[in-house]
Each structure stands twice: as structure tokens, then as C-alpha cells.
2 protein chains.
Amino acid sequence: MKKSTITIYDVAKKADVSMATVSRVVNGTGKVKEETRQKVQQIIEDMGYHPNAVARGLASQKTTTIGIFLPDLNNAYFNELAQGIDDVSKLYNYNIILMSSSISHQNEKDVLRSLFSQQVDGIVYMSYDISDEVCDLLYEKGIPTVLAGVIDYKRQLPSVNIDYKAATFEVMERFAQKYNSIALVVQDKNTNVNQDFRCKGMAEAAKKYPKIQFEVIRAGYGYENGLAVFNEVKAKKIQAILTTDDSVAIGILNAASDQGIKIPEELEVMSAMNTKLALMARPELSSISQPLYDMGAVAMRMLTKLMKKEVVQDQQVILPHEIINRKSTK
Amino acid sequence: MKKSTITIYDVAKKADVSMATVSRVVNGTGKVKEETRQKVQQIIEDMGYHPNAVARGLASQKTTTIGIFLPDLNNAYFNELAQGIDDVSKLYNYNIILMSSSISHQNEKDVLRSLFSQQVDGIVYMSYDISDEVCDLLYEKGIPTVLAGVIDYKRQLPSVNIDYKAATFEVMERFAQKYNSIALVVQDKNTNVNQDFRCKGMAEAAKKYPKIQFEVIRAGYGYENGLAVFNEVKAKKIQAILTTDDSVAIGILNAASDQGIKIPEELEVMSAMNTKLALMARPELSSISQPLYDMGAVAMRMLTKLMKKEVVQDQQVILPHEIINRKSTK
DNA sequence: TATAATAAAGTAAGCGTTTGCAAAAAGTAC
DNA sequence: GTACTTTTTGCAAACGCTTACTTTATTATA
């Protein structure tokens, strides 16, 4: 155990200056004579003084802390986003308070409120979707917030995404040129905007290719659900499939292989997350590539601007996507 | 934008009591007459008052926040541990400040100090290993800390682990009964205690089975390194291999398949993390199972006790491991 | 050299809570 | 009704730092 904490006051006394001066050299604010600056700096180092972030937060009403909200700590999609956020936040010296809501939307508002009471300077919100309620709460609170990989219906909140609708359409169109039975696997949430966009993309394709049969299959997230959904795929004689979640796709892939169905010859599978799982799958998983890391990074960068009250003209960022053909599509 | 924040003072005024009383009902501390309690409670709800965690932290010297330190945000191993931590922390109403050190040990101490200045009540430290320096820093600071999935040489710090040496020995022994050329893939850090234990486990097996050739292969973490390491495996005609990292194992698996090497017939592969990746691999990856989620949970539980200054008799927890045979071993 | 600017340093009032201690109120026992 | 407990409450001092404002020192200007 060390001796009790050293405060700015201790430093001031030892340096024979006022706390204000010490504060100034610590923060680099205001004018301080170079000479005193050095003296104080030296003493700070000698004493091993480290400012108390909590006190600072209370006094300045800024915590240099941002809240990151995500539904699941153990999910490659959010983790890659989070990594982008984390790296940029480091660049700007922000600390991160993590809040996971573990699936249920129920307590989301409480979680958020807890973030508020922590006085975070800003929030990056990630999720499969965002409810109007949450969106309003965030908006009304007036605390800088940006959505990453998710978008709200009303477009009240700044966000960083790809164009889900267009991406889906592209894939669907490509499939439509070769097959007549195509499926989109979508998660069974009701209020999911992102999924909505995907469905719209498919609808558009369906309109353009009226003879082709387009199917929506609803399934949960995760590998097991992919495994499970394969039977439906098989029963319906689907020839090509687009999923949202890599784990689901891999489930389908593996279920197919296990049953001796050849991929991509008998079934083409494309996913839409392009996490690093895609490379580990066999056959390697084709995917719409969302630049997850970049999305996180851009979101965080935007948030720093918002927190500094800089004007950000385009608050609805759409990053380019790609379609990456690996071995699960022809 | 909402009207400016409501403080405990506002509530007190409206309820016509002192701040002290409001504080008491908020925290459930001290005696308050049931009648006033209800009145105040009501007003709190009506006004939508939420205590300011920062001020509270400053006044009480407790932030109900713990720091989680990990090297990589996007790594299934740490994520599963983190999930265990997160769930338990939720149970006890602790918030989480996340700090990732992104690989380099360089700035670890700074990162930790930043955690200190945030006045966290406790720390869960995860990493591939822990340097003596960091260990001492943590120890001297006297802030409750527990290591999860890692152990320090000196055993100064409480920790939760499996018995790496024994687990390795078991696998090695099993391999030794069938083959005469066996490898252990280990990460090329110098000061890695966990790896050390593994090597010791192998050494023991080597001693017991002197005719068998045991090999240590050094490689970095991650899928690509697994891919890369396969050539060495092949060149040395290794027949069975144990890796630390699932991604590395999958790299080996895939490289082998890609080159037409049959697994497990021509090469047995076992890993030691048993993240959910193991199930997604084809063939499914056999693995020593570390109960990662539980390790995280136990670590966090222990931390709560430490923070409450309860005595914890056994501070070096060893959780049982299993050897799970899937399809990559016979 | 006097005077206006400007730079450097200090003062002290917060920031929103908690909490030890004291005061007031409500019970009890006689 | 008095004296003494025991509850309830309120007061006000921290907690460690920032920052508007003031004072003092320094430099530039004429």
C-alpha cells in the first residue's frame, strides 16, 4: 500500500505556487511562465502525481469518457466495430465505459441512463437495431451520440453505415441471373431497420425479376441457428442464399457439408458481415464486406467532432461496401 | 435538449427536506421515516432525478466501477472471459471501464495508471502474460485486482486459471501413446508464464516418454500464423500437435486441408482455448476446454469480495479443465 | 520615468454528492 | 409533566479539481 493519494494541493505546496498554476501546467491551459512550468512539471514527476479523473470530471463537467453501448460482448461483428472505435478513442484520449445490454431490449433504457449518470461526454451506440424509444431518449438527452452499424427510422441521430438496401439488391440480382429460388435470411426482430433495408433490397430485386422466387427466412443470430435453418433451406430447394450474420452462414455451410451438399455447386451462400470468421470457414465464406473497423473508426471520429461542438455537415455517413467472392459462391 | 440537470438539491427543496435525507433514501443508508422515504421517492420519480455518479464517486471515494484490462478487443478468448466478467459485474451493479493495450506491452503501465486515475474500485487483468513490472505496479497500488486466464510468476496477485501444465501433460501423454513426433505450438513471447507452464507440461511428458520426439514451435497469435506454421509442421513430419490459440489451430487445419492432408488421419490437431470458433471449424476442432466464461465470472466474483474487503482464503483459483475430442483428433 | 498593456499567479466559488456530528422530534418510563 | 432514550432530520465540511475573476509582476510605449 502506498501512502495516501497526492493531490494537486500537495504539488502546489511543494512547488510553492497555487493550485491554479499547477492545474494550468497539468492541462496546458492558460499562461504559465516557462520557468514555473518546468519546476512544477518536475515536482509532479518527482511526487508521482496523477490527477484524479473523477474530481476533474466533476469540476469541469467533462469526463473525457465515452460510453459504448453494444448488445453482446462476444460477437465478432460488434467487436470489430468496437476495435475501430477503441483505436480512434485512444488517439483522442478518451476512455471507454462499456455497456452491454445482453440481448433484451427491456433494460436498454436503464443501461443508457446509467451511462448518463456516469456523465459520459458522448456515446457510440451499436446494436442490431434501435427502438424509437431509445432513439428519443438519446436525442432528448442532447448528449452527442452516433450510431455505428445501425440506423434509426427517423434519422434523428448521426450514424455510420453501408447502404444495406443497395448491397442486398446487388447480391439478389446476381443470384437472380442464375437461379430461380433465392432466399434472404433475416433475423426475427420486428422493429429492425437494417433488416428492413435488406428486405427492401430484395423486394426491389423481386420486382425486377418477377419470375424468380424470392423467399424470406427468419432465424435468430448465431451458429446454431444457421445449423437449424438449413433444413428449411433444403426443404424449399433454395439455390442461393444471403444471410446477415456470418455465424448463421457458417452454420448453413457446415450443415450442408455434413449432409453432403456441395457448396457452392448445389447451394451458394453469401453473408453480410465479413468478420474474420469468413476466412476461417471452409469453404471460405463469400460476403458483402462492411468495413466494420472503419465504420467504428469513422463513428468515433465523428463523435469527437460532435463533442467538440464542431459542425458536422453530413451526419448520415454511408461507407462503400464490396461484394467479396470467396469459395461459397461461384 | 432537456432543461439543465436536476440535482439532489432540487429534490430536497421540492420535498422540503435536506439533501442529507434525500441522499439517505437514494442510497438506503441510515434511518429515514417510512413516510418521508415514500414522499421523497415519489418526488425523485416525478422529477426524474438520477444521481450524478461522478459527484458520488468523488464524495464517497467509491465509483462502483471496475477496470477491465485486455490486450485485444477482437479476440474470442478474451471476449468470452469478458462476458463472464460482464455478467457478474452486472449482478453486483458495477460499471466497466475498458482498457485495451493493443499488443505492445510498452504503454501498459500508462494504461493502468489511467485506470487508477479513474478511481476504479477494482481491476480484472487479462492478457497473454503479465510482466513483473505491471504486477508490482498493481500490487503496490493496493487496488483490488484479479488476474483472469493469466498468472504472475510471484503469485502476488489473486488469479483464476486452469492447470496449464497438467492439461498439456495429459494431451502430450495421449499423443505419445500413438505417435513419435509431437509438437507444441507456443507463442514467441519471452516472459510468458502460461506458456511456461505448457512447456513444463511437455517437458514432463518428454521425460516420461524419452523415445518420443517432442518439438516446440514458436508462432504468433492469429489465423494467419497458423496458416504459416503449417509448413514447418509438414517439414518436420509432425503427427500430432497442440496449439494454444484456436485461430492458429484453425489455420493449421485449413492449410492442411488445402494441401490435401487428412485430418485427423494424417495429423491430429488439438487446441487449448475452446472458443466458439472450435465448433465452426471443419473438421470440428478438438480442444482443451478452459471454462472461459466461468473463469471470467469467478474472477469477477472474487473481485467483488476483495472490494468489499471480505477475506478470500484461496486466491489462486484453479478451475477444472477438460479435453474435448471433436473431429480433429482420433 | 510614468503609464498603459499584457503576462503570470493567486483567490475562492463552485461541481453534486456523502457523511460525521449536532439538533430536533418523537417515544418511554416514571 | 419531567427526564431520558431513541429516531429522524439537518448542517456543513469534505472529496480533488477547474475556472472566472482579481491581483500582482513584467514589459512595452511614449
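A note on names: the letters A, B, ... follow the listed sequences, proteins ahead of strands, and every chain is numbered from 1.
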Do we see a donor-acceptor contact under 3.5 Å between the side chains of [X] and [Y]?
X	Y	answer
B:Q118	A:N52	no
A:N75	A:Y128	yes
B:Y139	B:D152	no

Would you indicate which nucleotide in [options] comes nearest to any side-chain atom of [X]?
X	options	value
A:V17	C:dG10, D:dT9, C:dT17	C:dG10
B:S23	C:dA9, C:dT19, C:dG16	C:dT19
A:L58	D:dC15, D:dC17, C:dC15	C:dC15
B:T21	C:dT17, D:dC17, D:dT9	D:dT9
B:V32	C:dC15, D:dT9, C:dT11	D:dT9
A:K31	D:dC17, C:dT18, C:dA7	C:dA7
A:S60	C:dA8, D:dT19, D:dG16	D:dT19
B:R24	C:dG16, D:dC11, D:dG16	D:dC11
B:A59	C:dT18, D:dC11, C:dG10	C:dT18

Rounded to whole angstrom units, what separation is found between the [atom1] atom of [X] and the [atom2] atom of [N]?
X	N	atom1	atom2	result
B:Q119	D:dG16	CD	P	8 Å
A:E34	D:dT27	CD	P	15 Å
B:E35	C:dA26	CD	P	10 Å
A:K33	D:dT26	NZ	P	6 Å
A:Q38	C:dA8	CD	P	14 Å
A:Y49	D:dG16	OH	P	10 Å
A:R37	C:dA7	CZ	P	18 Å
A:I8	D:dT19	CD1	C1'	11 Å

Would you mind telling me which residue lines up with the more 5' stretch of DNA chain D, A:N27 or B:S18, judged by nearest nucleotide?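 With A:N27 and B:S18 compared, the 5'-side residue is B:S18.
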I'd like to know if the side chain of A:S89 and the backbone of A:D87 have a donor-acceptor N/O pair within less than 3.5 Å.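 Looks like no, no N/O pair under 3.5 Å.
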Under the 3.5 angstrom rule, does the side chain of B:S114 hit a backbone N or O of B:L112 as a donor-acceptor pair?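 Not at all, since once roles are kept as given, no pair shorter than 3.5 Å links the two residues.
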For B:T29, answer base if it contacts any base atom (sugar-phosphate contacts may also be present), sugar-phosphate if it contacts only those atoms, and nothing otherwise; contact means non-hydrogen atoms under 4.0 Å.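 Nothing, no nucleic acid heavy atom in range.
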Quick one: label B:D10 by what it contacts on the DNA or RNA (base, sugar-phosphate, nothing), any heavy atom closer than 4.0 Å.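 Here B:D10 touches no strand at all.
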Can you tell me if the side-chain N/O atoms of B:Q61 get under 4.0 Å from OP1 or OP2 in C:dT17?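 Negative; the distance criterion is not met.
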Think B:R56 has a side-chain N or O under 4.0 angstrom from the OP1 or OP2 of C:dT18?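 True: B:R56 side-chain N/O within range (under 4.0 Å) of C:dT18 OP1/OP2.
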Would you check, one step at a time, whether the test side chain to side chain donor-acceptor pair (under 3.5 Å) holds for A:Q42 with A:Q38? CA-CA 6 Å; A:Q42 187 55 245; A:Q38 286 190 2; over 6 Å; no
